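Note: hydrogens, waters and symmetry copies are ignored here, and every other heavy atom, side chains too, is used. Being a predicted model, the structure only gives us computed values, none of them experimental. Residue numbering restarts at 1 for every chain, and letters A, B, ... go by the order of the sequence lines.
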2 protein chains.
Amino acid sequence: MNATLPPNACPPHCRECRLRRTRAFTPVEPGVLDFIEGFRASTLAVPAGGALVHENQANSRMFTLYSGWAFRYKTLSDGRRQILNFLLPGDLVGLQQEFGDLSAHGVEAVTDCALCVFQNDSLWSVFREHPRLGYDITWLAAHEEGHVDDNLLTAGRRNATERLAMLLMHLYRRLERVDLVEADGSVAFPINQQHMADALGLSLVHTNKSLRRLAQLGLHELANGRLRLLNPHALERIAEYYDRPPRLLPLL
Amino acid sequence: MNATLPPNACPPHCRECRLRRTRAFTPVEPGVLDFIEGFRASTLAVPAGGALVHENQANSRMFTLYSGWAFRYKTLSDGRRQILNFLLPGDLVGLQQEFGDLSAHGVEAVTDCALCVFQNDSLWSVFREHPRLGYDITWLAAHEEGHVDDNLLTAGRRNATERLAMLLMHLYRRLERVDLVEADGSVAFPINQQHMADALGLSLVHTNKSLRRLAQLGLHELANGRLRLLNPHALERIAEYYDRPPRLLPLL
DNA sequence: CGAGATCTTGACTAGGGTCAATCAATGTGG
DNA sequence: CCACATTGATTGACCCTAGTCAAGATCTCG
């Protein structure tokens with residue numbers, strides 16, 4: 001048993017939160033920060049590959065991903081899996097579960113993850129006692145739906161090359177916002193080609209070949225779990241990726 | 001100019017709302033109903049084919065679809081279009097626009113539509129003054145995201161036949177909930193095969209052939225803008241459509 | 001009746017799926 | 001340090017689902 005915190009674990013107090021120093025999130029009053037910290041019931045560490053939410057589990061909790069990568073997914077009975085979106089540090093997860101009956105989706109950790117878990121069944125009290133936070137939560141829900149919208153356009157109407165270019169750009173830009181790009185311009189990129197295939201609605205083999213093509217064109221470099229974009233402009237053009245003006249998001 | 005209201009127009013008062021009599025929505029106190037009616041700024045009729053929201057328009061309004069069909073969509077520059085989800089009576093539309101910067105999507109009327117339009121820029125005041133409604137709006141947002149999740153699984157991982165079976169079942173069940181099934185078991189089904197193709201990520205021709213096959217198998221009948229399911233059980237099996245326990249939704 | 005939509009079909013093509021083998025990187029136990 | 005198992009990346013061969021092109025058939029509607 002080691003008393004020192006691993007570097008990616010949730011800090012004991014929200015005011016020490018690394019994410020709030022990234023300029024990606026709306027600043028909050030100290031009082032609100034205290035409320036959020038009170039709303040937080042616990043922290044949790046989930047190892048790579050572990051389930052944050054089981055696909056058919058009701059009543060799971062709501063939480064914010066503090067560090068690590070995860071993804072939401074749905075599967076068909078014969079095993080076909082669709083990744084709905086990737087979850088990166090700062091993302092709120094599990095809002096849908098709070099409302100019960102909604103379509104089942106699982107959440108799985110790609111890497112080791114640290115989470116801030118919120119109190120169970122207290123979402124309504126948040127809205128009642130702190131309408132501003134309720135408003136923020138709704139904003140986040142709408143924002144996440146926007147990501148799923150994008151992914152649906154990608155899976156439904158882009159070809160394999162465009163899909164991969166989209167995925168690379170999209171994730172890179174999101175990582176950029178939370179300061180996860182290293183000085184050399186590379187980012188940790190822990191997903192494998194099966195994840196990409198499942199996110200894009202492609203087969204593993206075709207994902208490999210299309211990704212290979214992009215690499216050979218000199219558009220990116222992906223090795224040893226690190227991604228570097230060598231020609232982001234070209235990737236954006238291929239994917240028709242439009243960077244929306246970065247706007248501050250709420251962080252719970 | 002005719003002073004009598006067309007049959008599908010929004011009634012002047014929410015207490016006369018047809019939708020609230022359908023048992024699909026959570027009952028509300030009379031006082032809350034008055035608040036909702038006050039929040040409603042106007043009603044609007046949009047003709048078939050008209051735009052409820054332009055694809056790149058910011059600051060559009062939020063509204064509830066009272067009658068008619070519409071759909072949310074995104075397009076690529078060369079014209080490829082993806083329908084994100086269909087909007088049926090009772091659906092809340094445009095929440096994302098309220099939050100600005102979000103990914104652009106258009107909303108287009110399939111049939112003539114009647115809408116209850118809410119006051120602009122007053123969403124925050126709803127949360128502040130009526131947290132319960134804020135909570136309900138969030139519920140609806142999460143619910144709509146659930147539909148998009150389903151559609152992403154469909155577009156990404158189901159084959160053409162499964163996609164069509166899914167679409168038919170999904171829309172039929174939704175119409176059922178708002179009492180739009182006729183006594184003979186048929187429903188008005190105003191979308192054409194291009195709409196279906198764009199919703200499912202298929203080409204028009206392949207949509208036609210796959211749909212034809214389902215009809216020839218005796219699973220459904222679709223003609224003159226009316227749909228009747230002849231073998232819903234088989235369609236559910238093909239699509240792996242799981243009817244979730246119908247639960248009441250909020251209605252604004 | 002003519003002009004558009006929309007729906008159908010057939011013929012052909014191609015993007016992407018399936019199968020299978022190989023290779024590289026890591027890890028494990030002995 | 002090595003035999004062996006496991007996971008992930010890569011490639012080639014082949015096939016099939018779904019896309020494209022094109023021509024009719026229906027149906028509306030002014």
Side-chain angles (χ1 to χ4, degrees), chain A residues 47-49 69 76 78-83 108-111 154-168 188-217 220-227 238, chain B residues 47-50 69 76 78-83 108-112 154-168 188-217 220-227 238:
Chain A
W69 286 42
L76 294 173
D78 64 0
R80 282 174 287 176
R81 178 174 75 170
Q82 178 66 40
I83 290 180
E108 186 179 311
V110 175
T111 65
T154 295
R157 289 303 185 201
R158 281 186 241 253
N159 66 31
T161 307
E162 294 166 345
R163 293 185 204 190
L164 279 159
M166 189 68 188
L167 183 72
L168 297 181
F189 203 77
I191 60 176
N192 60 31
Q193 296 183 355
Q194 185 66 65
H195 289 120
M196 299 188 215
D198 287 346
L200 299 174
L202 294 171
S203 71
L204 174 60
V205 173
H206 199 60
T207 298
N208 177 285
K209 289 175 180 170
S210 304
L211 188 60
R212 212 87 273 296
R213 208 168 308 132
L214 288 180
Q216 272 158 14
L217 288 172
H220 77 280
E221 213 172 63
L222 178 48
N224 306 318
R226 299 204 69 81
L227 167 69
I238 291 172
Chain B
W69 287 41
L76 295 173
D78 62 1
R80 282 175 285 178
R81 178 174 76 168
Q82 178 66 40
I83 289 180
E108 186 178 311
V110 175
T111 65
D112 292 347
T154 295
R157 289 303 183 201
R158 280 188 242 253
N159 65 30
T161 306
E162 294 166 346
R163 292 184 205 191
L164 279 160
M166 189 68 187
L167 183 72
L168 297 182
F189 203 78
I191 59 177
N192 62 30
Q193 296 182 356
Q194 185 66 63
H195 290 121
M196 299 188 216
D198 287 347
L200 299 175
L202 295 171
S203 71
L204 174 60
V205 174
H206 198 59
T207 297
N208 177 284
K209 289 175 181 172
S210 304
L211 189 60
R212 213 84 272 296
R213 208 168 307 133
L214 288 180
Q216 274 158 13
L217 288 172
H220 78 278
E221 212 171 65
L222 178 47
N224 306 317
R226 299 204 68 80
L227 167 70
I238 291 170

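The CZ atom of A:Arg158 sits 19 Å away from the C1' atom of D:dG19 (whole-angstrom rounding). For the pair A:Asn192 CG and C:dA24 C1', the computed distance is 15 Å after rounding to whole Å. Between the P atom of D:dC14 and the NE2 atom of A:His206 lies a distance of 19 Å, rounded to the nearest Å. The distance between atom CG of A:Asn159 and atom P of C:dG15, rounded to the nearest whole Å, is 9 Å. Following rounding to the nearest Å, A:Gln193 (CD) and D:dG8 (C1') show an atom-to-atom distance of 8 Å. Summarising the geometry, the separation between CD on A:Gln194 and C1' on C:dG17 is reported as 13 Å, rounded to the nearest angstrom. Atom CZ of A:Arg80 and atom P of D:dT17 are 13 Å apart (whole Å). Look at CZ on B:Phe189: it is 15 Å from C1' on C:dC7, rounded to the nearest Å.
Along DNA chain C, the nucleotide closest to B:Leu222 and the one closest to A:Ala160 are compared, and the more 5′ of them pairs with B:Leu222. Between B:Arg157 and B:Arg212, it is B:Arg212 whose nearest contact on DNA chain C lies nearer the 5' terminus.
A donor-acceptor pair under 3.5 Å is absent between the side-chain atoms of B:Arg158 and the main chain of B:Arg163, judged by distance alone. Side-chain N or O atoms of A:Asn208 include none that pairs as donor or acceptor with a backbone N or O of A:Ser210 at under 3.5 Å. Between the side chain of A:Arg213 and the main chain of A:Thr161, no donor-acceptor pair closer than 3.5 Å is present.
No more than 12 heavy atoms of other residues, nucleotides or ligands sit less than 6.0 Å from atom CG of A:Asn224.
Between the side chain of B:Lys209 and the base of C:dG10 there is at least one donor-acceptor pair of N/O atoms closer than 3.5 Å.
OP1 and OP2 of C:dC7 both lie 4.0 Å or more from every side-chain N or O belonging to B:Asn208.
In this structure, of D:dA18, C:dG16, D:dT20, it is D:dT20 that holds the atom nearest to the side chain of B:Ser203.
Between the side chains of A:His195 and A:Asp198, no donor-acceptor pair is found at a separation under 3.5 Å.
Contacts of B:Gly225 with the nucleic acid, taken as non-hydrogen atoms under 4.0 Å apart, are absent. Counting any heavy atom pair closer than 4.0 Å across all strands shown, B:Leu204 reaches no nucleic acid atom.
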